[in-house]
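Take a look at the structure below.
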Number of protein chains: 2
Amino acid sequence: MTSPPAFRRSEPDARRADLIAATARVLAREGTGGASVRAIAVEAGVSPGLVGHYFAGIDALVAATYAHVEHTVSEALDAAVAAAGPDPRARLDAFVTASFSPPIASGELLATWTAFWSLVRSRDDIARQHDEQYAAFRARLESLLAECGLPAPRLRHAAIAITALVDGLWLELCLSPQAFSADEAGTIARSVLDALTSSGR
Amino acid sequence: MTSPPAFRRSEPDARRADLIAATARVLAREGTGGASVRAIAVEAGVSPGLVGHYFAGIDALVAATYAHVEHTVSEALDAAVAAAGPDPRARLDAFVTASFSPPIASGELLATWTAFWSLVRSRDDIARQHDEQYAAFRARLESLLAECGLPAPRLRHAAIAITALVDGLWLELCLSPQAFSADEAGTIARSVLDALTSSGR
DNA sequence: ATGCTTGTTGGACAGTCGTACAACAACTGC
DNA sequence: GCAGTTGTTGTACGACTGTCCAACAAGCAT
C-alpha cells in the first residue's frame, strides 16, 4: 500500500523561479505590506522554511523578484521594438508606447517597484542592483535615440529625459489611472520625443 | 516636596504636528520598514498609546505625514517661484529647478513617498488623497505654463508631461544620486521646457 | 483648594514577523 | 533493494507588530 508522494522535489532553478513568481503574485494582490515569508510560501504551495533555503532573506527574495519583473518588462519592450520594423523613429515610438500598455503599465507591478524602492536606501547591494538595471535601461534608450540620428553629445541627456518622462507617466498611470489614459500618456511621450529629436541644442 | 511634572500636555494641533514631524524623521532615518508606532512614539518622546489617540492607525499617520511633507514641498516651490520675479519663464524655470534642490530633492523624503505609494492601491481614502494632491500640483504647473503663453488646448498635456518629467528626475535623483547631478536634472528639465514652450503642436 | 475634564501613560493582548533547525522523505546512483 | 544526498517539512523561537484600555495626573474652572 503506497501513499502518493507528500511533495515533489524540484530543480533548484525551477523552485527558485516558482518562489519569485509567487512573490510577484502576492505583491500584486496584497501589496507591499502583505508580502511575508508565510504568505509567499502558501502562494507557492510550499513550506515556509523553504524560502530560507533558496534566498538569504525576504529582502533578497524581493530583490530577485524585482530583477525578474524588470527582465520581463525588458523583454516586452524588446518585443515591441522588434515588431515595429526597421524605421528608427517607429522603433522609438513602439518603445515608449509599450511602456503604457499591459503587461507593463499595470497597477499590479507597482507594488513590486515600491517594495524594491523601499530597500534601495538601506541596503547597499540593492542600491547597486538598482543602479545597474537603471543604467541598462538608459543605455538601451540611448541606442534607440542614436538610431534616430540624435548627435552623440546629446544622447546622454535625452536618454535621461525620456527615461524620467516614461517613468513619471508610468508611475502616475499606475497610481491614479483616471487622471489620464494610457493613450494620452503615449501621445504626450511621443510629442516630447518629437520636440527632442527635431529641435536643435 | 513637589516632583517635576512627569509629562506636559499639549494642544491637540501641536501634538499632532509633533507626531507627524517625528514620523517624517523616522521614515527618513529608518526607512519604510522601521516606521512603527513604537519607534515614532520614542522619536516624539511620547508614550506609544498616544499615537492611537490622535490618529486612527499607523496608515492614517503615514498619510498625514505625506500630506504635511507635500505641503512643505509646495511652500518651497511657491517661495522659489515668488523669488524668481515677474518674468513668466523665469518663474517656470525656478519651479523645476527648486524640485532638484534641497530640501525637496533629498533621499530622506523618498521613504515618505514610497511608504505613501504603498498604501495607495489598498486604501481608497489614501488613493483619493493622492489624486487630489497630484491634481493640485498639475494645476499649479498649468497656471505657470499659461503665464508663459502656452495656448489653452495644450496646457493639460504639457502639465502632465512636465509633472512626469520632474517626478521621474526627482525619483532617480533620490534613488541613485551618482547617476546624474541635480544641475544636470535642471538643465534637462529646462531644455524640455524650451522644446515644449517654443515648438508648435 | 477642590473637582472635573481629558491628554497621557504604560502595559496587556493576540497576532505576525523573519529566521533557524532537527526530522523526514523523495530522488539518484549504486 | 539499499544507502546517501539533499530538497522539503513543520515547528519552535524571540522579537516585533498594531490596537486597546484602565489607571493616572496635568491643567482649567469653580
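Only this structure's heavy atoms are used, side chains among them; waters, hydrogens and symmetry mates stay out. Numbered from 1 within each chain, the chains take letters A, B, ... in sequence-line order.
- A search for side-chain contact (heavy atoms from CB on, under 4.5 Å) contacts involving Thr32(B) returns Ser118(A), Ala111(B), Thr114(B), Ala115(B), not counting sequence neighbours.
- The shortest distance between the side-chain N/O atoms of Arg15(B) and the OP1/OP2 oxygens of dT8(C) is below 4.0 Å.
- Atom pair Glu11(A):CD and dT6(D):P shows a separation of 14 Å (rounding to whole Å applied).
- Within the structure, every pair that satisfies the side chain to side chain donor-acceptor pair (under 3.5 Å) test and touches residues 66-76 of chain A, not counting sequence neighbours, is listed here: Ser74(A)-Arg140(A).
- Every pair passing side chain to side chain donor-acceptor pair (under 3.5 Å) that includes a residue from residues 155-169 of chain A is listed here, sequence neighbours excluded: Tyr134(A)-Asp167(A), Arg156(A)-Glu184(B), His157(A)-Glu184(B).
- The CG-P distance, from Leu61(B) to dT17(D), rounds to 14 Å in whole Å.
- If you measure from atom CZ of Phe55(B) to atom P of dG7(C), you get 14 Å, rounded to the nearest angstrom.
- Applying the side chain to side chain donor-acceptor pair (under 3.5 Å) test to pairs two or more places apart or on separate chains, those with a residue in residues 34-61 of chain B are Arg25(B)-Glu43(B), Arg29(B)-Glu43(B), Asp59(B)-Arg123(B).
- Between Leu110(B) and Trp117(A) there is no side-chain heavy-atom pair separated by less than 4.5 Å.
- Nucleotide dA15(D) holds its P atom 21 Å from the CD1 atom of Ile58(A), rounded to whole Å.
- Place Arg8(B) and Gly57(B) on DNA chain D by their nearest nucleotides, and Gly57(B) ends up nearer the 5' end.
- The phosphate of dG7(D) (OP1 or OP2) has no side-chain N or O of Tyr54(A) nearer than 4.0 angstrom.
- Of the residues in residues 33-53 of chain B, those placing a heavy atom less than 4.0 Å from an atom of DNA chain D are Ser36(B), Val37(B), Arg38(B), Gly49(B), in numerical order.
- Note on residues 93-111 of chain B: pairs passing side chain to side chain donor-acceptor pair (under 3.5 Å), not counting sequence neighbours, are Arg89(B)-Asp93(B), Thr97(B)-Arg190(B).
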